[in-house]
Amino acid sequence: MGKAIDAKNLNIYYGSFLAVEGVNMSIRPKTVTALIGPSGCGKSTYLRSINRMHEVIPGARVEGRLELDGQDLYGPGVDPVGVRRQIGMVFQRPNPFPTMSIYDNVIAGMRLNSRKMRKDATDQLVEKSLRGANLWNEVKDRLDKPGSGLSGGQQQRLCIARAIAVQPDVLLMDEPCSALDPISTLAIEDLINELKMDYTIVIVTHNMQQAARVSDYTGFFNIEGTGKPGKLVEMDETKTIFSQPTEKATEDYVSGRFG
Amino acid sequence: MSTETTPGPSPADTQPPVTSTRPVVQPGDRIFSGLAKGAGILILVVLAGVAAFLLVEAVPAFTAPSAEIPGGAGFAAYVIPLVFGTLLAAVIALVIATPLAVAVALFITHYAPRRIAQGLGYVVDLLAAVPSIVYGLWGAGTLAPASVALMVWLENNLGFIPFFAGPASTTGRTMLVAGVVLAVMILPIITAVSREVFLQTPRLHEEAALALGATRWEMIRMAVLPFGRSGIISGAMLGLGRALGETMAVAIVLSVSGGITFNLIGNGNPSTIAANIALQFPEASGLGVNVLIASGLVLFLITLAVNSIARFIINRRREFSGAN
């Protein structure tokens, strides 16, 4: 668990529109990498290209290479479904399956991978995943209730439990706290700190304090204007990005002069 | 007048707090709520009127001596084969049409390329607009003769199943064919309702399934079908309602002679209530009319029961519906 991601000259297209251009980025295993930048700069698109979720939109494609521990994620014969089983994702708005109980939500991914699991094995997996997401104590007495009955923060942690239940190598988070209150946000941030022991985490956030709090490395994306492709301006250790960035644009952004 | 002696708030000032306990309602709101309420009441009045007519006209059939009822054995003996035929035809139609409709709706919403999907959607909607007599003529004139060979095959190879016991009809105007014609008729209703619900599936839930590594079919099973479940049931019930009440198609297709039988491919089929009314009404008089209307009342009650059961099924898992 916890693999490295390497993007080499990655261009991401929607049809003929170049959305993100020339990303070179090395993400080390078992670190937290934050992607920051103004809206529309392509950071979410880049994040979604890591587990090929952007292909949900027809016409989406990439050029260049994206590797997970040296394995080309866009190589010939690579099934996006297989990629997504290795690289989990947590979305902006909590999205537990409303028709499933909390228990079934957690093992939803596991059910896809291996149909037959013994009851005590799934029980263990559910407990382990919910403990891993710091949710066990809050829901252990109502595992058979619908997941949509939980609070927003609890739902988001349920989604994290669902993502880690399949033991992915990488966990992608697309603004996971933007729909949550400060207390729930804190709970998720604490959780991210614990999860990086086991997983490589990439998080997109609009909240620069959050990036500074949770991440080891930060990548800054920017866009020159509407219709232009987004680019990775600079990536470095989070301390460096927030104290003495190399690029002027980064400094302007993190000091709040624009964006 | 006595209160006027002390200076203080005049009656005009003290009055508003008393009246202001009523919420302020804008005239537009009042008109709209009145219209909506009126529409709701109108539906109930119409329904009550129909029910009252059926009840009043049906009473003589219930009270008449059993020898005077057609068949000579009382109203129950008269209507039970009809109820059986009605339910059988409708159930056959539903069993065939529901899976097919769900599959078509899934194809339109999740598999077909956009342009094909749109065209197919129009075609399915068009099917709903074809008059039932056309389906009846098609069933009796084309489908029935064409299906004779199939029914002979069913009798020879699957004859051990009571449904296909035979002897196979030589005209093809059997319960099975009537059920198939009804299935074609209710297919567009179920498809249209299912399609609309499937389109409503939140993208968030679809992406949640895909991000877990679900294939498209697994995503549909995890996110789309559970979300659309109540919609599918509603669509099926609408279809069932049409199948139960369908008159002309069944009257034309089905060759009627007999009572209760599960043999779907034989000559002796029970009629359905609606078809029976249509066929018998022109020559009925006196008590005969009352008997037919009484059978209509029975159909009314069956439909009511079916809809209540469907509502019950939908409500049973309300907290898992995703509506919250």
Side-chain angles (χ1 to χ4, degrees), chain A residues 47-48 50-58 79-102 104-115 142 144-150 155 158-159 162-168 171-174 179, chain B residues 102 105-119 194 196-236 313-324:
Chain A
L47 186 82
R48 290 166 74 93
I50 296 177
N51 70 345
R52 301 183 66 164
M53 273 303 285
H54 72 304
E55 290 178 10
V56 170
I57 296 162
D79 185 356
V81 169
V83 172
R84 291 174 201 147
R85 288 185 184 184
Q86 285 175 281
I87 305 180
M89 189 159 198
V90 177
F91 294 83
Q92 194 168 351
R93 278 178 47 208
N95 55 356
F97 296 114
T99 52
M100 291 185 195
S101 65
I102 293 172
D104 288 335
N105 259 292
V106 176
I107 55 169
M110 216 58 208
R111 284 250 165 87
L112 295 174
N113 289 323
S114 53
R115 286 290 141 70
R142 44 174 172 158
D144 57 338
K145 292 282 185 302
S148 48
L150 300 174
Q155 287 189 23
L158 176 59
C159 293
R162 180 176 66 187
I164 62 179
V166 294
Q167 294 168 333
L171 208 51
L172 307 176
M173 299 186 170
D174 191 356
Chain B
V102 170
L106 280 178
F107 179 72
I108 291 175
T109 54
H110 285 86
Y111 284 94
R114 209 191 170 99
R115 262 185 311 164
I116 297 179
Q118 235 168 22
S194 307
E196 290 309 312
V197 204
F198 292 162
L199 282 176
Q200 307 278 320
T201 313
R203 195 161 184 95
L204 270 174
H205 298 147
E206 294 186 8
E207 290 196 339
L210 290 174
L212 284 174
T215 61
R216 195 182 305 202
W217 165 235
E218 287 166 336
M219 180 272 281
I220 285 170
R221 268 206 346 232
M222 280 174 103
V224 180
L225 289 181
F227 181 83
R229 188 171 164 277
S230 63
I232 298 171
I233 295 177
S234 302
I313 294 173
I314 294 171
N315 282 347
R316 209 177 33 171
R317 278 174 59 88
R318 175 174 288 274
E319 59 173 343
F320 284 94
S321 71
N324 45 2

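Owing to the predicted nature of the structure, the values given are computational and were not obtained by experimental measurement. Reminder, nothing fancy here: chain letters follow the sequence lines and each chain counts from 1.
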Bottom line for A/L172: the part with an atom under 4.5 Å from chain B's heavy atoms is neither
Verify, without hydrogens or angle tests, whether A/N105 (side chain) and A/P96 (backbone) share a donor-acceptor contact under 3.5 angstrom.
-> no
When only pairs under 4.5 Å are counted, which of A/V81, A/N51, A/V166, A/V90 shares the most heavy-atom pairs with chain B?
-> A/V81
Just give me the residue among A/R52, A/R93, A/Q92, A/Q86 that pairs up with chain B most often, heavy atom to heavy atom, under 4.5 Å.
-> A/R93
Heavy atoms, side chains only, cut-off 4.5 Å: are B/L225 and B/I232 in contact?
-> yes
Can you give me every donor-acceptor pair (side chain of residues 105-114 of chain B, partner residue at least two apart or in another chain, under 3.5 Å) with its distance?
from, atom 1, to, atom 2, distance (Å)
B/T109, OG1, B/A105, O, 2.9
B/T109, OG1, B/L106, O, 3.4
B/H110, NE2, B/E206, OE2, 3.2

Using salt bridge (charged side-chain N to carboxylate O under 4.0 Å, His left out) as the criterion, list what pairs up with B/E207, not counting sequence neighbours.
-> A/R48, B/R203
